[in-house]
Amino acid sequence: MDKARKAVLFFGVLCLLLSGCGKENTETEDMVFSNEDVEKIEESQEKQPLYQEEEAEEAEESQEEQPLYQEDGKSYIIQEDENYIYVCGIYKIVKINKETKESVTLWETAKVSDGLKMYPFCAGRGLLAGEKIYFIEGWTEGTGDGYTPNKAISVIHTDGTGYERIVQPDKLYDSASMLLQDGILYVEAYDEIISYKVYEDGTLCGEAVREKKKERDDLPEGCKEPDYYDNGYRLLFASESMKKFGGVILENGLSLVEWIPETGEMFDLSQYGSNLKAFNSRYFLISSYDDGSYLVDTATLEGSRFTDDSMIGVIAMDEDYVYTETKVYEEGQIQYIYEKISLETAERSVIFRKEESKTAYSQYGYNLIDVVVKGGYLYYADEMDYKLYLMRRSVDDPSVEECLGEAFYDSGISEVGTMETCHERFEAPGVKVDIDLEWLQVDSRFPGADKINKYLAEDQKRNYDDEKELLEKYRKTEQEGDEPSGGEEEFTLYCSYTSEFSEISYFDGHYLSFYQSEDRYESGMGHGSLYQIGYAFDLQTGERLMLSDVIENSEEELKDIVIRYFGETIQANPEYYWEYALSEVEKSTSFEDSLFYLTKEGIRFYFGPYALASFAAGFQEVTIPYEEFEMKIVTDGI
């Protein structure tokens with residue numbers, strides 16, 4: 001017998017001897033072990049270490065594979081734990097300290113990829129799983145016919161580390177939903193459900209399981225999981241429905257049904273409508289387009305009429321209320337009204353009203369979040385001082401508005417001045433014209449403010465006069481011709497003109513630059529005509545800067561530099577551009593014709609839609625570093 005086994009045997013015998021200590025029975029002192037007893041003890045002790053090792057491995061393995069359980073495992077734009085709020089519905093994921101309101105950016109999408117113009121966005125909602133956040137990341141690469149939208153399921157740790165794209169399905173909805181249930185993460189893709197096993201710390205286990213929606217064997221033929229509105233459209237997963245209600249709510253053609261998998265029974269809910277709007281533990285909220293909405297008991301499936309309208313603007317539903325958003329137009333302004341409707345009495349009460357944050361939302365579509373009801377608060381985006389913030393109000397005490405963290409988007413306007421706006425509608429027999437203008441008003445603390453403001457106001461007045469002239473032209477045409485078909489209430493022509501301020505692209509206290517975005521539309525056109533007008537000003541003199549005021553280079557040198565930069569972009573992806581694109585760049589580059597504005601990184605040169613590529617490609621632009629030029633002015637970028 002080796003030393004280890006002898007030691008184990010000795011320890012086993014010693015334990016048996018000591019186990020009798022303190023008892024009244026004194027036979028232990030005289031106890032004699034037979035050879036048979038010793039062999040049994042030896043055999044037992046030989047097996048014990050092996051069993052303990054296996055048990056330890058199993059315990060460790062069990063601990064590693066413990067699935068993640070959490071009460072609220074749905075994907076929302078707002079996620080939160082005990083100490084932090086996570087905002088996932090923007091170009092970045094931001095973590096806000098609940099106590100201090102301080103915010104930090106965990107992740108921000110890239111803006112350029114492989115030389116292609118890239119339109120990044122956070123396409124869907126996030127889901128907090130343990131110490132990780134899963135989210136739908138979206139971006140668009142290429143231009144013209146090569147325009148390619150991409151989306152991926154991505155993850156990042158709550159401390160900002162470990163960013164990774166997990167899987168890039170063929171297609172994902174912009175509003176793709178996720179659900180964490182019983183340790184399984186489900187993701188709704190375009191035509192499939194992707195699922196992963198998730199450990200307690202949020203780590204994924206193994207490969208993804210991918211099931212085509214139309215081929216799911218666990219659902220009755222012709223049925224699918226329904227979309228519904230719960231802080232944004234999302235899927236009611238069959239497993240979620242089964243766990244909550246003991247049956248599966250499904251769409252069967254244009255009808256809603258509840259299916260009991262154990263018995264195969266199917267209960268028709270079509271008498272209450274075909275649209276599942278929301279649900280809680282007691283009720284389904286179901287509506288039809290022409291017969292109002294109903295509350296249907298989740299246990300008995302008996303329904304009662306709730307409202308006379310179809311509840312199109314539902315945001316969310318909790319145990320006591322349905323929350324709605326209504327968009328109204330008042331005197332050229334868009335206003336949103338947020339209400340809660342009692343499930344017991346159907347009584348409506350306004351939580352608050354807010355105007356659309358037009359300036360901060362403008363060119364780049366900074367849609368911070370959809371409105372979200374979560375944890376007793378209504379979260380939304382609002383503009384203050386031309387900056388976009390995350391706000392919230394308690395649904396029980398909505399009189400108090402709370403600002404969370406720093407601005408998510410800063411247009412830069414507040415550093416320079418304010419905005420002026422003009423909203424007008426003109427009507428004549430057969431013709432209607434909408435004019436919507438906004439422009440910058442520079443603060444008087446800058447010496448050149450008066451001259452700049454006069455220049456910008458006159459530009460917008462010209463636009464206004466042009467549209468009025470167009471109205472008169474069509475009014476005269478209508479008077480000379482036939483009466484508009486359908487009587488006075490119908491218009492044979494609709495025109496609109498919009499001039500929107502973009503954002504401050506460059507400001508250093510001495511020089512200022514930005515561009516106006518213009519859209520002119522007439523009924524019958526497939527789309528509007530889009531324009532950009534770049535501006536650069538000297539804030540001291542009030543003079544508008546032309547390209548010859550900015551750089552010392554000769555026109556030939558200018559042409560060489562611009563052709564080189566556009567040439568690199570075009571050559572990298574020639575299929576996205578017209579064959580003559582580079583020739584057009586060469587022909588149109590001059591001190592007189594080049595379209596430009598200043599940015600922090602350099603001078604941005606651009607061409608409008610159709611100039612170098614298709615309309616869908618948008619504006620084609622390159623930013624050329626200041627170092628490439630001999631500069632006449634001194635900027636922060638040099």
Side-chain angles (χ1 to χ4, degrees), residues 327-336 353-366 382-388 409 411-444 446 448-476 491 493-505 507 512-523 525 527-537 539 542 544 597 608:
K327 187 176 183 179
V328 296
Y329 298 86
E330 294 182 358
E331 298 180 355
Q333 293 289 330
I334 298 174
Q335 190 177 79
Y336 295 90
R353 302 166 181 256
K354 83 178 188 74
E355 290 186 353
E356 184 177 51
S357 301
K358 181 176 180 181
T359 300
Y361 278 96
S362 62
Q363 299 301 312
Y364 298 96
Y366 277 86
D382 210 354
E383 182 182 335
M384 296 186 296
D385 200 20
Y386 305 107
K387 301 173 185 177
L388 204 59
Y409 167 69
S411 66
I413 297 170
S414 60
E415 292 186 276
V416 178
T418 58
M419 295 298 299
E420 293 289 326
T421 61
C422 172
H423 308 280
E424 296 260 8
R425 168 171 287 182
F426 302 100
E427 297 183 9
V431 183
K432 181 165 62 177
V433 177
D434 281 326
I435 301 176
D436 192 356
L437 310 175
E438 62 179 19
W439 65 96
L440 181 67
Q441 182 85 4
V442 176
D443 193 274
S444 60
F446 298 104
D450 288 345
K451 193 169 184 177
I452 295 171
N453 292 337
K454 182 180 178 182
Y455 188 102
L456 294 173
E458 287 178 349
D459 262 12
Q460 295 307 312
K461 187 177 185 304
R462 276 192 295 273
N463 292 331
Y464 180 89
D465 291 342
D466 287 347
E467 297 308 310
K468 285 291 297 285
E469 185 179 335
L470 183 67
L471 174 65
E472 292 301 322
K473 170 187 168 184
Y474 283 109
R475 186 206 305 266
K476 186 176 180 181
F491 293 91
L493 179 70
Y494 171 74
C495 304
S496 68
Y497 176 79
T498 302
S499 177
E500 292 184 329
F501 178 85
S502 56
E503 62 180 355
I504 302 297
S505 60
F507 170 71
L512 164 70
S513 192
F514 57 91
Y515 70 86
Q516 290 278 138
S517 177
E518 300 182 357
D519 185 357
R520 178 175 278 105
Y521 174 79
E522 294 181 16
S523 53
M525 298 172 62
H527 51 72
S529 299
L530 304 181
Y531 308 92
Q532 284 182 183
I533 301 177
Y535 292 95
F537 289 101
L539 289 166
R544 183 179 179 183
Y597 55 95

statement: Those residues at least two apart in sequence (or on a different chain) that pass salt bridge (Lys or Arg N to Asp or Glu O under 4.0 Å) with Lys468 are none
Stepwise side chain to side chain contact (heavy atoms under 4.5 Å, CB included) check, Phe426 with Glu467: CA-CA 10 Å; Phe426 302 100; Glu467 297 308 310; over 6 Å; no
- request: Assign the ring pair Tyr515 / Tyr597 to parallel, tilted or perpendicular, where the plane angle (0 to 90°) is split at 30° and 60°.
  value: tilted
message: Less than 4.0 angstrom from a charged side-chain N to a carboxylate O is my criterion; do Asp465 and Lys461 meet it?
response: yes
message: Ring-plane angle category for Phe514 and Phe501, please: parallel below 30°, perpendicular beyond 60°, tilted otherwise.
response: tilted
- request: Under the side chain to side chain contact (heavy atoms under 4.5 Å, CB included) rule, what do Thr418 and Tyr386 come out as? Steps first, then yes or no, please.
  value: CA-CA 8 Å; Thr418 58; Tyr386 305 107; 3.5 Å; yes
query: So how far is it from Ser499 OG to Arg520 CZ, rounded to the nearest 0.5 Å?
result: 10.0 Å
message: To the closest 0.5 Å, what do you measure between CD (Gln532) and CD (Glu500)?
response: 11.5 Å
query: Is the closest side-chain heavy-atom distance between Tyr494 and Tyr521 below 4.5 Å?
result: yes
message: With side chain to side chain contact (heavy atoms under 4.5 Å, CB included) as the criterion, how do Glu518 and Asn463 come out once you've worked through the C-alpha distance, each side chain's angles and the decisive distance to 0.1 Å?
response: CA-CA 10 Å; Glu518 300 182 357; Asn463 292 331; 3.7 Å; yes
- prompt: Do you know which two heavy atoms are closest between Ala449 and Ser444, and how far apart they sit?
  reply: CB-CA, 4.0 Å
field: Gln441 CD to Ile413 CD1 distance, which is reported to the nearest 0.5 Å
entry: 12.5 Å
message: Going by the rule salt bridge (Lys or Arg N to Asp or Glu O under 4.0 Å), which residues pair with Asp443 if we only count those two or more places apart in sequence or in a different chain?
response: Arg445
statement: Heavy-atom nearest pair, Lys387 first then Ser414, reads CE-OG, 3.6 Å
statement: CD1 (Ile504) and CG (Leu440) are apart, to the nearest 0.5 Å, by 5.0 Å
- prompt: Going through the checks in order, is the side chain to side chain contact (heavy atoms under 4.5 Å, CB included) test met by Gln516 and Gln460?
  reply: CA-CA 10 Å; Gln516 290 278 138; Gln460 295 307 312; 3.8 Å; yes
- prompt: For the atom pair CD1 (Ile435) and CZ (Arg425), what is the distance rounded to the nearest 0.5 Å?
  reply: 11.5 Å
message: When you compare the side chain of Asn453 with that of Trp439, does any pair of heavy atoms fall below 4.5 Å?
response: no
message: To check you understand the geometry: which heavy-atom pair defines the closest contact between Tyr464 and Leu437, and what is its length?
response: CB-CD1, 4.1 Å
- line: When rounded to the nearest 0.5 Å, the distance separating OG1 of Thr498 from CG of Asp436 is 5.0 Å
Heavy-atom side-chain proximity of Ser517 to Ser502 below 4.5 angstrom: no
